[in-house]
Every structure is written in structure tokens, then in C-alpha cells.
Amino acid sequence: MVDAHQHWGIYNDLATDTGSESRASAQGGVTTALTYMRTGQYYLNKGGSYREFFPEVLSAAEGNAHVDYAFHLAPMMARHIEEIPYLVEEHGVTSFKIFMFYGSHGLHGRSGSQSDFLMIPPEERYDLAHFEFVMRGVQRAREVFTEYAPYLSLSLHCETAEIMTAYTELVEQEGELSGLRAYSASRPPHSEGLAVTIASYLAHETGLANINLLHLSSEKALDAALRMARTFPHVDFRREVTVGHLLADVDTASGIGGKVNPPLREREDLEALWGHVLAGEVDWIVSDHACCRDEMKFGAERDDVFLAKSGFGGAEYLLPGLVGEGAKRGLSPQRIAKLTAQNPAQRYGLLHKGTLAEGYDADFALVDPNASWTVRAAESESTQEYTPFEGFPMSAKITDTFVRGHHVFAGGKLQDEPVGRYLRRGR
């Protein structure tokens, strides 16, 4: 199990989060976690150079993880683009990220000061021009480090800041919607589709062939992604979907704890995502695990979705949810293995992960496909006290997890010793 999209340390101390959320990962059968990291507010709450920032990240995580791990990094300013070759060569970082909606939006909604939130120089902008320059920087690295080129890629969170800002105002002014349905309407699916289209053209313009479209949440987003793949066949697009968007919708999620970016959608979008998964049009499925504890998530106004923080944990339900729900829909165990292990491992340069074969790490999970149980947040190893999946019936359960032959989860219990290692990629 290679969970290619997590966020350790986004809301909690990174060292602490690495311990608890890697425990939740092992509980869910995840053996390798790829976690996103950037400068700015949240995470380490500091700006500056990755030459100074990233060694602090590695130091905080070291010795605390119960599964193996690596980091995707987001170039937030011009200086970071210049540091891409250093990150590749010195630390084996082969994947980078753009948050398209940060153009004029914060992590949870409108942001009055982009520079303060992102902690970038006041004369710089995090905008389409910056996205283009990031793409050119990654492509230059692919041309210089030819041995890494197959694994050097750029991932994009595709939502359009201007659309989201305008629709948030409309939803609040009309006052007819509330909860997760209001949040979904404030970040409408066509915002995703438009961002996918823009990102794809920029990839074509810059010659960057390896593009990952993250957590596509709607039929419009998937439709745009497939259209762009046909339009630009020379770009190797990979399409990602989260288990949250496959298991929960605006009505079935347990309260506004289900606030996430992009939002949980209507049931029609959930069913459309499953259709694309079954059609082989999705490349991997992830948790987008971001532990946000109750006090921070909801604050004083517990019923206002626009004030709640974005993101929730879910790595512990990734494989059980896919095996259980997937079996009902005809998704084979072999296909699940590709979606959750082989495909992301190969894309992100984890050359010893994702396959059960000689020469690969002995990483695997044992699953009881006939277990019947109910999701309860209190039973999770995560420090998050709630889950949008509270009360969901599950029909598959992880019994054992092995990381490089270490039996890290057995009989419903985690080993105390953290055996996880940082992974240099592409070698």
C-alpha cells in the first residue's frame, strides 16, 4: 500500500503527527506514505529557502514513523524553483506540487493577504505565471537529471481561485444552503474542470510531460482531465481520486467534519467517480489524510462550514473501504493492488515498493474480506477525535501490516517501535 497523498504536520507538530498518523496508516494497511509539504502558514509555519527548511522537516520526522515515507514539495516562490535540482540530487525528491487555488484563496476560504499566508516576498505573486515557471523548472531538472526523468513529475490541486471567490460570496448572500452542500456549491465542479484545462495547456506549452491531477472530485473534473489527455497525447497525465470522495457525499458524511478541498460532492458525482475507476480511467486512489483535531477543526462556531478548517484523516479506511465497496462494484483485488501500490510507486520513483517480487521490500497487508464492523473514530490510531465516516458499515478489515518484513500491525495492535524510513526516490 503506497498512499501517495497525505499531509503530516499540517495542523499538528510534525514530529508528533508523524508518529500518530503513521500509526493510523499502518492500521489501514498503508506501508509507505507520501506526504505533501510546503513553506508558509501551517506545517512548520515558516518561509524561506528549502535548503534550510527541508532538513528541518527530515529531522522532525526521523525516528517517529511506523511506515516508510517520502515528501512531495511545493515551490512557493522563485527561489524554490531554483532549488529543484538541489532537492532532486541531494534529497531524492522527485515530485513537486502547485496549489492552483492559492492565487487569491486561503486554505479554508478567502484570504486577504496572500503574501502573509504563503510567506513569500511581497513583490512575488503565486499565480499562473508562477505555475508556468514551476513547470519550466521541473522540466529543466528532467533534462539535466536524465536518470530521474521518468520519475520527476508535477502534481496539481486543480481549483480556480476566482470562481471559488465569486461563488463563495453568492452562496453566502443567498443563504439557502448550509453544511457540506453549501461548501460544495461555493467551490463548484466547473472550477475544477477549468483549472484542469489551464494546467494542461501550461504543461503542453512548457513541454512538461509528467503531470498528476490530484483528488479529482467530480464528473466535470474527470471529464476535463480525459479531454485534456486526448487533446495533448504527448503529456503523460495521471489521474488521482480519494477514498473520501468514493465513500461519502454531502448527505452521508458525518457533519461538517467532512469539509475538505476539493469538497465532497453530490451522490451523482460519487457514482461517476466509481464509473471512471471501474473503466480504468483513474491511476491511483489515496486518502489525502490530514489530521485536524476537533478544537482546531470546528472552533467556537461548530455549525459554520465556512469557518471550519479543511481536511480530515482517513488512511485507516483507505484499503478496507476499497476492498469492501470495490468488491460490491466488481473491482478486483488485482486492480486494487495496482491503484494503491504499483501505479503510485512506479510514478513517484519508489523503485523498491509496490510489487511483491524478489528485490522489492517486503511490504504487504493482510485483509479479511468478510469482516463486518462499523467505523468509530475512537478506535483509530489517529489523534483526530472525529471522522466523516463515523457509523459507516465496513465489510473488510486489515488484520496485519508488514513494512520491510517488520510486523508493525498484528491482532489489532501497533508495535511500539517506529521502523519507518525516509525514502530517496528514483534510485
Side-chain angles (χ1 to χ4, degrees), residues 2 4-5 34 36 70-76 78 80-89 91-100 127-159 192-216 221-241 276 280-286 338-339 341-351 353-354 423-427:
V2 176
H5 194 148
L34 294 174
Y36 284 93
F71 292 95
H72 312 284
L73 294 178
M76 306 305 293
H80 293 163
I81 300 173
E82 297 169 0
E83 291 176 320
I84 288 174
Y86 156 79
L87 293 167
V88 174
E89 194 168 30
H91 296 292
V93 176
T94 64
S95 48
F96 300 88
K97 183 177 182 180
I98 287 170
F99 303 84
M100 293 184 74
D127 56 13
L128 289 175
H130 178 76
F131 305 160
E132 175 191 331
F133 298 149
V134 171
M135 289 185 177
R136 295 192 187 280
V138 175
Q139 179 57 23
R140 281 196 299 272
R142 294 182 72 245
E143 293 166 358
V144 171
F145 301 107
T146 54
E147 71 275 24
Y148 288 100
Y151 318 111
L152 273 169
S153 65
L154 182 66
S155 300
L156 294 107
H157 181 137
C158 294
E159 291 184 280
E192 283 189 273
L194 177 58
V196 166
T197 304
I198 294 169
S200 300
Y201 187 83
L202 283 178
H204 163 69
E205 165 64 22
T206 60
L208 178 56
N210 290 349
I211 295 291
N212 311 309
L213 302 173
L214 303 183
H215 44 42
L216 301 169
L222 257 298
D223 176 70
L226 293 169
R227 287 175 185 269
M228 292 301 100
R230 293 191 297 269
T231 302
F232 304 117
H234 51 287
V235 178
D236 183 6
F237 291 104
R238 302 295 172 91
R239 295 172 289 274
E240 173 188 284
V241 168
H276 289 293
E281 295 168 340
V282 169
D283 293 286
W284 54 77
I285 299 174
V286 299
K338 286 183 178 294
L339 288 166
Q342 189 177 63
N343 289 356
Q346 291 178 351
R347 177 60 154 195
Y348 288 121
L350 295 164
L351 304 186
K353 303 291 187 182
L423 304 173
R424 291 181 56 94
R425 291 175 283 147
R427 288 182 177 177

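Atom CZ of R142 sits about 12.5 Å away from atom CD1 of I84, to the nearest 0.5 Å. We find the CZ-CG distance between F96 and L156 to be 13.5 Å, quoted to the nearest 0.5 Å. Rounded to the nearest 0.5 Å, atoms NZ (K338) and CD (Q346) are 7.5 Å apart. Within the model, atoms CG of L202 and CD1 of I98 stand 8.0 Å from one another, a figure rounded to the nearest 0.5 Å. Residue E281 holds its CD atom at 7.5 Å from CG of L222, rounded to the nearest 0.5 Å. Note: Y86 OH to H91 NE2 = 3.0 Å, rounded to the nearest 0.5 Å.
Side-chain atoms of M228 and T197, non-hydrogen and from C-beta on, do get closer than 4.5 Å to each other. Within the 4.5 Å cutoff, the side chain of R238 has no heavy atoms near those of the N343 side chain. At a threshold of 4.5 Å between non-hydrogen side-chain atoms, the residues V2 and Y348 do not count as touching. In this structure, the side chains of V241 and H276 stay at 4.5 Å or more apart for every pair of heavy atoms. L351 is listed as a side-chain neighbour of Y151, based on a closest heavy-atom distance under 4.5 Å. Looking at heavy atoms from C-beta onward, L213 lies in side-chain contact with C158 at the 4.5 angstrom threshold. Residues L34 and L350 form a side-chain contact, since some pair of their non-hydrogen atoms from C-beta on lies under 4.5 Å apart. In this structure, M135 and L208 have side chains that are in contact, with non-hydrogen atoms separated by less than 4.5 Å.
Side-chain contact check for N210 and S153: no donor-acceptor pair (N or O, by modelled atom type) lies under 3.5 Å.
Residues R425 and A70 come closest through the heavy atom pair NE-CB, 3.7 Å. In plain terms, the two heavy atoms of A74 and F99 that are nearest each other are CB-CE1, 3.6 Å. Taking both residues in full, the closest heavy atoms of A4 and Y36 are given as O-CE1, 3.9 Å, listed atom of the first, atom of the second, then distance. When every heavy atom of V93 is checked against every heavy atom of L152, the shortest pair comes out as O-CD2, 4.3 Å. Smallest separation of non-hydrogen atoms from V88 and F145: CG1-CD1, 4.0 Å. Shortest non-hydrogen contact noted between H80 and P75 is CB-CA, 3.5 Å.
Checked against ring-ring contact (aromatic ring centres under 6.0 Å, His included), H215 has the following partners two or more places apart in sequence or in another chain: H5, H157. Remark: R427 pairs with Y148 by the side-chain hydrogen bond (donor to acceptor under 3.5 Å, both in side chains) rule, at least two apart or across chains.
The ring of Y201 has its center closer than 6.0 angstrom to the ring center of H204.
The backbone N or O of L216 lies less than 3.5 Å from no partner atom in the side chain of R239, so there is not a single donor-acceptor pair.
Salt bridge annotation for R136-E143: absent, with no cationic side-chain nitrogen under 4.0 angstrom from a carboxylate oxygen.
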